[in-house]
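Remarks on the structure that follows.
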Amino acid sequence: MPERTRLLGIAIHDGLATVDLTSEYQSGGGALSMQTRLGQVVYTLTQFPTVQKVRFRLDGEPVNVFSSEGIVLKNPVGRSDYADLLPAITVDKPAAGDQVTSPVTVSGSANVFEANVTVEVLDAKGKVVGKTFTTASCGTGCRGTYSVDVTYKVATEQPGTVVVHDDDAAGTGSPPHSVRIPVTLGP
């Protein structure tokens with residue numbers, strides 16, 4: 001986001017969020033930066049069940065072509081328009097900072113080798129206190145969803161981490177993709 005960008009307004013009606021930002025939002029950056037910038041707003045807004053698509057306005061005016069990169073935005077956009085910008089593994093739940101109890105449900109999406117997803121729960125000292133494995137609904141070249149319950153055991157409430165990663169298929173000693181979510185573990 002360009003530093004001086006301001007939110008001028010947002011309206012939500014029938015699953016469509018119309019977001020109005022200052023024109024600084026489209027300044028600077030190349031095509032990938034602009035796509036990522038748009039995707040960031042779309043993913044932020046569509047995390048709420050009342051929003052499925054987003055329409056952009058700049059300084060109160062509808063946006064049909066975004067930035068000097070010429071990105072066409074004639075129609076509202078949704079998550080599928082930016083799925084190719086996602087990292088190999090995303091975690092939707094739990095969110096960073098959530099307080100969780102055992103079993104904790106971990107869900108998200110992945111585009112990883114053979115759709116293999118491993119989930120670990122680490123305690124405050126970084127020790128694995130829960131671990132399981134699942135497969136995403138699609139993998140190796142396509143994005144699939146996953147959801148799995150992980151049972152863990154801790155004696156007291158403490159900071160912890162949920163780690164989601166793929167397989168070390170290349171045998172390098174560490175998985176190529178890993179996401180760490182800081183949480184509070186409840187006993």
Side-chain angles (χ1 to χ4, degrees), residues 1 5 7 10 12 15-17 19 35-54 76-170 172-187:
M1 256 323 152
T5 300
L7 175 65
I10 187 167
I12 300 170
L16 176 66
V19 62
Q35 287 287 355
T36 303
R37 190 177 299 174
L38 292 165
Q40 180 181 20
V41 171
V42 169
Y43 269 79
T44 299
L45 291 172
T46 58
Q47 72 181 314
F48 302 102
T50 55
V51 179
Q52 287 77 48
K53 297 271 187 168
V54 177
V77 290
R79 286 186 171 212
S80 63
D81 295 295
Y82 301 96
D84 58 334
L85 299 175
L86 291 174
I89 298 172
T90 66
V91 178
D92 295 329
K93 292 182 183 176
D98 279 359
Q99 183 161 2
V100 301
T101 57
S102 184
V104 58
T105 300
V106 180
S107 63
S109 69
N111 179 358
V112 295
F113 182 68
E114 293 185 349
N116 293 333
V117 178
T118 298
V119 181
E120 299 173 330
V121 177
L122 311 180
D123 67 9
K125 295 180 180 178
K127 178 184 172 198
V128 176
V129 293
K131 183 175 181 175
T132 194
F133 163 86
T134 191
T135 54
S137 59
C138 190
T140 312
C142 62
R143 179 163 296 279
T145 59
Y146 66 88
S147 182
V148 66
D149 290 338
V150 186
T151 302
Y152 68 88
K153 189 169 184 174
V154 293
T156 60
E157 183 176 289
Q158 60 189 276
T161 307
V162 172
V163 181
V164 182
H165 62 84
D166 55 354
D167 289 341
D168 177 20
T172 63
S174 64
H177 308 101
S178 180
V179 177
R180 300 174 70 84
I181 307 296
V183 295
T184 300
L185 301 175

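Because the structure is a prediction, the values reported are computed rather than measured.
T145 places none of its side-chain heavy atoms less than 4.5 Å from the side chain of S107. In this structure the side chain of V121 reaches within 4.5 angstrom of the side chain of L185, judged on heavy atoms. No side-chain heavy atom of P187 sits under 4.5 Å from any side-chain heavy atom of T156. In this structure, I89 and V117 have side chains that are not in contact, with every pair of non-hydrogen atoms separated by 4.5 Å or more. Side-chain atoms of Y82 and V77, non-hydrogen and from C-beta on, do get closer than 4.5 Å to each other.
Considering OG1 of T105 and CG of D92, their distance stands at 12.5 Å, rounded to 0.5 Å. Between the OG atom of S137 and the OH atom of Y146 there is a distance of 11.5 Å, given to the nearest 0.5 Å. For the atom pair CD1 (I181) and NZ (K93), the distance works out to 13.5 Å, reported to the nearest 0.5 Å.
The shortest non-hydrogen separation linking E114 to T135 is O-CG2, 4.5 Å. Residues A169 and F113 approach most closely at CB-CD2, 3.7 Å, considering heavy atoms. Pairing each heavy atom of A17 with each of I12, the nearest pair is CB-CG1, 4.1 Å. Scanning all heavy atoms of the two residues, the minimum distance from K53 to P76 falls at CB-CB, 3.8 Å.
Not one N or O on the side chain of T151 forms a donor-acceptor pair closer than 3.5 Å with the backbone of P103. For the pair N111 (side chain) and G139 (backbone), a donor-acceptor distance under 3.5 Å is absent.
Every side-chain contact (heavy atoms from CB on, under 4.5 Å) that L7 has, sequence neighbours left out, goes to V19, L21. Every residue meeting the side-chain contact (heavy atoms from CB on, under 4.5 Å) condition with P87, not counting sequence neighbours, appears here in chain and number order: T90. Taking P94 as the reference, V91, D98, V100, V104, V106, V162, V183 meet the side-chain contact (heavy atoms from CB on, under 4.5 Å) condition, with sequence neighbours excluded. Considering only residues two or more places apart in sequence or on other chains, T172 meets the side chain to side chain donor-acceptor pair (under 3.5 Å) condition with D168. Contacts of D167 classified as side chain to side chain donor-acceptor pair (under 3.5 Å), with partners at least two apart in sequence or in another chain: N116. Under the side chain to side chain donor-acceptor pair (under 3.5 Å) criterion, T118 pairs with no residue at all, not counting sequence neighbours.
Sorted by first then second residue, the disulfide (SG to SG under 2.5 Å) pairs that include residues 90-130, not counting sequence neighbours, number zero. The salt bridge (charged side-chain N to carboxylate O under 4.0 Å, His left out) pairs that include a residue from residues 134-157 number zero, where partners must be two or more places apart or lie in different chains. Sequence neighbours left out, the pairs with a member in residues 115-131 that pass salt bridge (charged side-chain N to carboxylate O under 4.0 Å, His left out) are E120-K131. Under the side chain to side chain donor-acceptor pair (under 3.5 Å) criterion, no residue pair touches residues 178-187, with sequence neighbours excluded. Counting only residues at least two apart or on different chains, the disulfide (SG to SG under 2.5 Å) pairs with a member in residues 118-168 are C138-C142.
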Output side-chain donor-acceptor pairs under 3.5 Å for residues 42-51, partner residues at least two apart or in another chain, one line each.
| from | atom 1 | to | atom 2 | distance (Å) |
| --- | --- | --- | --- | --- |
| Y43 | OH | R79 | O | 3.4 |
| T44 | OG1 | Q40 | O | 2.8 |
| T46 | OG1 | V42 | O | 2.7 |
| T46 | OG1 | R79 | NE | 2.7 |
| Q47 | NE2 | T44 | O | 2.9 |

